[in-house]
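In what follows, chains carry the letters A, B, and so on, assigned in the order in which the sequence lines appear, proteins first and then strands, with residues in each chain numbered from 1. Every heavy atom of this structure was used, including side-chain atoms; hydrogens, water molecules and symmetry mates were not.
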Protein chains: 2
Amino acid sequence: MKPRSNPDFFNGVPELLILQLISEGEKYGYELVRLIRLRSKEQFSLGEGSIYPILHSLAETGELSTREAVTEGRRRQYYRITAKGRRKLASMLAQWQSVTQAVTSTLAPSHV
Amino acid sequence: MKPRSNPDFFNGVPELLILQLISEGEKYGYELVRLIRLRSKEQFSLGEGSIYPILHSLAETGELSTREAVTEGRRRQYYRITAKGRRKLASMLAQWQSVTQAVTSTLAPSHV
DNA sequence: TTGCATACCTCATGGTTCTAGGTATGCTTG
DNA sequence: CAAGCATACCTAGAACCATGAGGTATGCAA
């Protein structure tokens, strides 16, 4: 068995976190890698191999727009959220709420 | 894109639900299929193709014990939770709590 | 005897994440 | 100025998981 760097119950969470963070302001990939570690207080650690494919796929489907820029002497791909992306984020947040609530209530049903 | 019968954020949830329900008392597979629909108030619907493989794998790794019985004229495979299974359930519950909490706090960090 | 619900099972598919690699550049320090 | 490290990008392949679709068998009711 191999050690897993992230816990279970993780399906869809990387995409949710990425959309949320970018919705707060333009970000680039490498920045997200560090930001997610920071903001989750080291609970999550998404590597570049997790982040970049998600960014590409969100850009391709129009949830993110992208621009290339050179800042602080560094070539970077900046991502910004689109209207479509905001709709997707809202729907994912709603789903997250609904799933966690349903799991909780299934684990300890009120009618017992 | 194909329609998904269950929402995202579902990784590990089937296993968690199964362990929890069996921890409350011996169950058989087909029973779990209906019970999960009921207990989740139709929010989740796990088919037999999701349930049975999990039961087999939990039995193989010793988290569940199994016995065959004929009840109400029906041949059934009953599953019971073992000590190892209880430990696994406890650890999954802890992980569930920790992940949901970490996601929530990452989405809306307190130090902003 | 036909059909439906119960009850079991497995295989192939598709989607997601991770590991492990790779490239290139800027900055610092000996 | 060379070496090493951090930054910054990228992809391929493996591993894992849940699902749909299919298959078998039996009991019971119409």
Side-chain angles (χ1 to χ4, degrees), chain A residues 1-19 26-38 40 44-61 64 66-79 92 95 99 103, chain B residues 1-19 26-37 40 43-61 64 66-79 92 95 99 103:
Chain A
M1 310 199 192
K2 64 166 196 328
R4 291 167 144 272
S5 66
N6 277 305
D8 276 337
F9 310 122
F10 217 58
N11 192 280
V13 170
E15 201 177 40
L16 175 62
L17 295 180
I18 287 172
L19 275 173
E26 200 180 47
K27 302 270 182 305
Y28 60 94
Y30 199 71
E31 187 182 4
L32 286 166
V33 173
R34 289 172 309 189
L35 197 51
I36 287 174
R37 247 199 310 267
L38 265 181
S40 73
F44 306 137
S45 181
L46 299 185
E48 306 165 52
S50 304
I51 299 279
Y52 287 116
I54 296 178
L55 287 175
H56 298 158
S57 126
L58 287 173
E60 203 174 340
T61 50
L64 297 178
T66 179
R67 72 183 178 92
E68 190 176 335
V70 175
T71 315
E72 303 164 44
R74 291 288 177 180
R75 188 193 142 269
R76 292 172 182 159
Q77 283 291 331
Y78 284 94
Y79 292 87
M92 289 188 82
Q95 187 146 78
V99 169
V103 169
Chain B
M1 310 201 190
K2 63 167 197 323
R4 290 166 146 274
S5 65
N6 278 304
D8 276 339
F9 309 123
F10 215 58
N11 194 280
V13 170
E15 201 177 41
L16 175 62
L17 295 180
I18 287 173
L19 275 173
E26 201 179 45
K27 302 270 182 303
Y28 59 95
Y30 199 72
E31 187 182 4
L32 286 166
V33 172
R34 288 171 310 190
L35 196 53
I36 286 174
R37 248 199 308 267
S40 74
Q43 290 250 329
F44 307 137
S45 181
L46 298 185
E48 305 166 51
S50 304
I51 299 278
Y52 288 117
I54 295 178
L55 288 175
H56 299 157
S57 126
L58 287 173
E60 203 174 340
T61 50
L64 298 178
T66 179
R67 72 183 177 92
E68 190 175 337
V70 175
T71 315
E72 303 165 45
R74 292 289 177 180
R75 188 194 142 271
R76 292 172 182 159
Q77 284 290 332
Y78 285 94
Y79 293 88
M92 289 189 82
Q95 187 147 79
V99 170
V103 169

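- What separates CE of B:Met92 from C1' of D:dC17 is a distance of 12 Å, to the nearest Å.
- Annotation for B:Met92 and B:Leu19: closest pair SD-CD1, 3.9 Å, computed over non-hydrogen atoms.
- Along DNA chain C, the nucleotide nearest A:Glu72 and the nucleotide nearest A:Val13 are compared for position; the residue whose nucleotide lies closer to the 5' end is A:Val13.
- A pairwise comparison of heavy atoms in A:Leu46 and A:Ser50 identifies CB-CB, 4.4 Å as the closest pair.
- Distance from the side chain of A:His56 is smallest for D:dT11 among the nucleotides D:dT11, C:dC8, C:dC18.
- The two residues A:Tyr30 and A:Glu48 come nearest to each other via the heavy atoms CE1-OE2, 4.0 Å.
- Under 4.0 angstrom from either OP1 or OP2 of D:dT7 there lies at least one side-chain N or O belonging to A:Tyr30.
- Between the side chain of B:Glu15 and the base of D:dC17 there is no donor-acceptor pair of N/O atoms closer than 3.5 Å.
- The phosphate of D:dT7 has OP1 or OP2 within less than 4.0 Å of a side-chain N or O from A:Arg34.
- Note: CG (B:Leu55) to C1' (C:dT10) measures 14 Å, nearest angstrom.
- Look at B:Tyr28 and you'll find a side-chain N or O under 4.0 angstrom from OP1 or OP2 of C:dA7.
- The distance between atom OH of A:Tyr78 and atom P of D:dT7, rounded to the nearest whole Å, is 14 Å.
- Residue contacts shown for B:Arg74 include a base, since a base heavy atom lies under 4.0 Å away.
- As rounded to whole Å, 13 Å separates atom P of D:dT26 from atom CD of B:Glu68.
- Taking atom CG on B:Asp8 and atom P on D:dA18, their separation rounds to 12 Å, with Å as the unit.
- For B:Gln77, whose side chain is taken as the heavy atoms from C-beta onward, the closest listed nucleotide among C:dC9, C:dT10, C:dT17 is C:dC9.
- Look at CG on A:Leu32: it is 14 Å from P on C:dT17, rounded to the nearest Å.
- A:Leu46 has its CG atom 10 Å from the P atom of C:dT19, to the nearest Å.
- Closest approach to the A:Glu48 side chain among C:dA7, D:dA8, D:dC9 is made by D:dC9 (side chain taken as heavy atoms from C-beta onward).
- Dashed line: the shortest gap from a side-chain N or O of B:Tyr52 to OP1 or OP2 of C:dC8 is under 4.0 Å.
- Between A:Arg75 and D:dT7, a side-chain N or O to OP1/OP2 separation shorter than 4.0 Å is absent.
- A:Arg76 has its CZ atom 14 Å from the P atom of D:dC10, to the nearest Å.
- Here B:Gly49 lies in heavy-atom contact (under 4.0 Å) with a base.
- A:Phe9 approaches B:Val13 most closely through the heavy-atom pair CE2-N, 3.9 Å.
- In this structure, the separation between CD on B:Glu15 and CG on B:Leu55 is 10.0 Å, given to the nearest 0.5 Å.
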